[in-house]
Asks: 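Submitted below is the structure of interest, expressed as C-alpha cells.
Note that these values count all heavy atoms, side chains included, but never hydrogens, waters or copies made by symmetry. Below, chain A is the first sequence line, B the second, and so on; all start at residue 1.
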Amino acid sequence: MKPKTDRKRQDKLSRRLLDWYRLNHRDLPWRQTKNPYTVWMSEIILQQTRVAQGTSYYLNFSQTYETVQDFATAPLDDILKMWQGLGYYSRARNMHKCAGHIVEKLEGEFPNTYDQLIKLTGIGKYTAGAIASICFDQAVPAIDGNAFRVYSRVFGIYEDITLSSTFKTFFELGSQIIPHDQPGDFNQAVMELGATICLPKNPQCNSCPLEAMCYAREKKEQTSLPVKTKKIKVKSRYLDYILLHQEGQVLVKQREKGDIWQGLFDFLLIESDMHSKSSIFELVEQNDWGTPSVLYSSAEYKHLLTHQKLHLYFHVLDIPKREDFKLICQNNKLKSLHISDLVNLAVPKPIEKFLEAELPNVLNFQSLKP
DNA sequence: AAGTCGGGGGT
DNA sequence: ACCCCAGACTT
C-alpha cells in the first residue's frame with residue numbers, strides 16, 4: 001500500500017508535530033546551540049545509545065574539549081579513557097580521525113551540507129542528515145530507529161527495516177514531508193516522539209499529536225510495525241586473564257584491531273571454548289617464570305555484548321624473578337605499569353569492575369578510584 | 001546483504 | 001529472555 005503524502009496531509013502532520021515538539025520537548029544540553037562541533041559530538045555519542053546513558057559523556061566531552069581543535073589535538077588514549085563504559089569504541093576512534101581531518105584539511109571549518117558531511121569518518125546517512133538539518137537548515141531527513149518506527153506506523157509501511165533497500169523508502173518519504181522552514185526541529189520532533197510517545201512497546205497513542213492521522217493507530221497495528229526480521233546469534237567466549245605482578249608493577253596489553261575493545265587495555269589472555277585452569281599452569285611451565293605464587297583466582301564475571309556472551313576469570317600471579325618480568329613484556333607485547341597508573345587506562349567494563357572491586361584487596365593497596 | 005562492534009535499561 | 005537505543009563500517 002502506498003503512503004498518503006498529499007500536500008495538505010503533510011502540512012497538517014508537520015504542523016502538529018512541530019507544535020507538539022515546541023511544548024513537550026526535553027531540555028537537553030546539546031539543544032542549546034547549533035554549533036556543528038557540539039551537535040556532531042552529541043550525535044556520535046547518541047548513536048545506538050540512550051539519552052540517559054549518553055548525557056553525562058556529552059557534558060564531560062564538550063566541557064573538556066571545547067573546540068574541534070582541542071579534540072583533534074588530544075591523545076587518542078585520552079579520548080578512549082573518557083569514552084570508557086560507553087561502548088562502540090570505534091566511534092571515539094572515528095571522531096578523533098574526523099576531527100584531525102577537519103583541523104588539518106578543512107581549516108577547522110565543519111562541512112555544511114549533507115553530501116559533504118557524509119564523506120567524513122564516522123558520519124553516516126543518519127548523522128549527516130541530523131547535522132545538516134539541525135545546524136545548517138538543510139531539508140534532509142534524519143532516519144534513525146525512532147524515525148523508522150514513527151514513519152512506519154503513521155504511514156503503514158511494512159517494508160523490513162533491516163533491509164538496506166528500505167532505507168531509501170524512508171529517506172524519500174522523509175524528504176517529501178520535511179518542512180523546509182524548520183527541518184532541524186522536524187527531525188528532532190520525530191525522534192522525540194519516537195523516544196517518548198511512539199515507543200516500541202506500549203506506545204502512548206492517546207497522548208500522541210498524530211493519533212488521528214496514524215495508520216497503525218487506526219488499524220491497531222502498533223505491535224506489527226515496524227517490520228524487523230533479523231535475529232542475532234550470540235557466541236560464548238571464555239577469557240582467562242593472567243595478571244602478572246611484581247613489586248607493585250602489573251603487565252597490561254593494548255587490544256588490537258580485529259576483535260572487540262580495540263584500543264582498550266587488558267592483560268595477558270588465554271581464550272578457549274571453556275574455562276580451564278590447567279592451561280594456566282601450562283602457560284607458567286612453558287615460560288619458565290620460576291614458580292609464581294598464585295595470589296588469587298576470581299569468580300566468574302559474566303558480560304553480555306550484542307553478539308557475544310563473555311565469561312571472564314582473573315588470575316593474579318606474583319612473579320619471583322626480576323629479570324623475567326621485562327622479558328615477559330617483550331615476548332607478549334605487554335607493558336609494565338604501576339598499579340596506581342591503571343586508573344589512567346581505558347579498560348573494558350568487566351575489567352573496570354574487577355579492578356575496582358577486587359584487585360585492591362588482592363594486592364593490598366588503596367582503591368583505584370580517587 | 002549480512003556481520004561486527006558495547007553497554008544499559010525496559011518489559 | 002528478548003528488544004531496542006538520535007548507526008557506521010567491513011566483508
Asks: Provide the distance between the two C1' atoms, one in B:dG8 and one in C:dC9, to the nearest whole Å.
Replies: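 After rounding to an integer number of Å, I get 23 Å for this pair.
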Asks: Expressed as a whole number of Å, how far does the P atom of B:dG9 sit from that of C:dA8?
Replies: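 Per the computed distance, 24 Å lies between those P atoms.
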Asks: Using a cut-off of 4.0 Å on non-hydrogen atoms, how would the nucleic acid contact of A:Gly194 be classed: base, sugar-phosphate, or nothing?
Replies: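 The answer is nothing, as A:Gly194 stays clear of every strand by at least 4.0 Å.
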Asks: Could you check how far CD1 of A:Ile232 sits from P of C:dC2, rounded to whole Å?
Replies: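 Interatomic distance, CD1 of A:Ile232 to P of C:dC2: 10 Å.
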Asks: Taking the basic N atoms (NZ, or NE/NH1/NH2) and the acidic carboxylate oxygens, is any pair closer than 4.0 Å for A:Lys333 and A:Glu256?
Replies: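 A:Glu256 and A:Lys333: salt-bridged.
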Asks: Starting from the 5' end of DNA chain C, give me the residue, A:Arg31 or A:Ile123, whose nearest nucleotide shows up first.
Replies: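 Taking each residue's closest nucleotide, the earlier one in sequence belongs to A:Arg31.
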Asks: Regarding A:Thr49, tell me which of base, sugar-phosphate or nothing describes its non-hydrogen contacts under 4.0 Å with the strands shown.
Replies: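 If one applies the 4.0 Å heavy-atom cut-off, A:Thr49 turns out to touch a base.
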Asks: Would you classify A:Lys230 as touching base, sugar-phosphate or nothing, given that sugar-phosphate means primed atoms plus P, OP1 and OP2, and contacts are heavy atoms under 4.0 Å?
Replies: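 Base: the residue A:Lys230, judged by heavy atoms under 4.0 Å, touches a nucleobase.
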Asks: Quick one: label A:Thr121 by what it contacts on the DNA or RNA (base, sugar-phosphate, nothing), any heavy atom closer than 4.0 Å.
Replies: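 Sugar-phosphate contact only - A:Thr121 comes under 4.0 Å of backbone atoms but never of a base.
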Asks: May I have the distance from A:Lys233 (atom NZ) to B:dC5 (atom P), rounded to whole angstrom?
Replies: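 The distance from NZ of A:Lys233 to P of B:dC5 comes to 14 Å, rounded to the nearest Å.
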Asks: Starting at the 5' end of DNA chain C, which residue's closest nucleotide do you reach first, A:Arg50 or A:Ile143?
Replies: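 This one resolves to A:Arg50.
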Asks: Within this structure, what is the CG-to-P distance between A:Asn202 and C:dC2, rounded to whole angstrom?
Replies: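 Going from A:Asn202 (CG) to C:dC2 (P), I get 19 Å.
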Asks: State plainly whether one hydrophobic cluster holds both A:Ile131 and A:Met191, where clusters connect Ile, Leu, Val, Met, Phe, Trp and Tyr through side-chain heavy atoms under 4.5 angstrom apart.
Replies: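 A:Ile131 does not cluster with A:Met191.
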Asks: Nearest whole angstrom, please: distance from the P of C:dC2 to the NZ of A:Lys231.
Replies: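 Interatomic distance, NZ of A:Lys231 to P of C:dC2: 9 Å.
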Asks: Can you measure A:Leu86 atom CG to B:dG8 atom P for me and round it to whole angstrom units?
Replies: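 Whole-Å distance recorded here is 10 Å.
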Asks: Under 4.0 Å, counting only non-hydrogen atoms across every strand here, what does A:Gln262 touch: a base, just sugar-phosphate, or nothing?
Replies: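 Answer is nothing: A:Gln262 stays at 4.0 Å or more from every strand.
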Asks: Output the rounded distance in Å from NE2 (A:His307) to P (B:dA2).
Replies: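 After rounding, the gap between these two atoms is 13 Å.
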Asks: At less than 4.0 Å, is any side-chain N or O atom of A:Ser164 found next to OP1 or OP2 of B:dA2? Yes or no.
Replies: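 Checking B:dA2 against A:Ser164, no side-chain N or O comes under 4.0 Å of OP1 or OP2.
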Asks: Assess whether one donor atom and one acceptor atom, taken from the side chain of A:Thr127 and the base of C:dG7, lie less than 3.5 Å apart.
Replies: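 By the distance-only test, no, there is no pair.
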Asks: Using the P atom on both, measure B:dT4 against C:dA6 and round to a whole Å.
Replies: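 Here B:dT4 and C:dA6 have their P atoms 24 Å from each other.
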Asks: Starting at CG of A:Leu312 and ending at C1' of B:dG6, how long is that distance when rounded to a whole Å?
Replies: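 To the nearest whole Å, that distance equals 13 Å.
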Asks: Return the value, rounded to whole Å, for the distance between atom NZ of A:Lys125 and atom C1' of C:dA8.
Replies: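 To the nearest whole Å, that distance equals 9 Å.
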Asks: Applying a 4.0 Å non-hydrogen cut-off, can you work out what A:Asp259 is touching in the nucleic acid: base, sugar-phosphate, or nothing?
Replies: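 Sugar-phosphate only.
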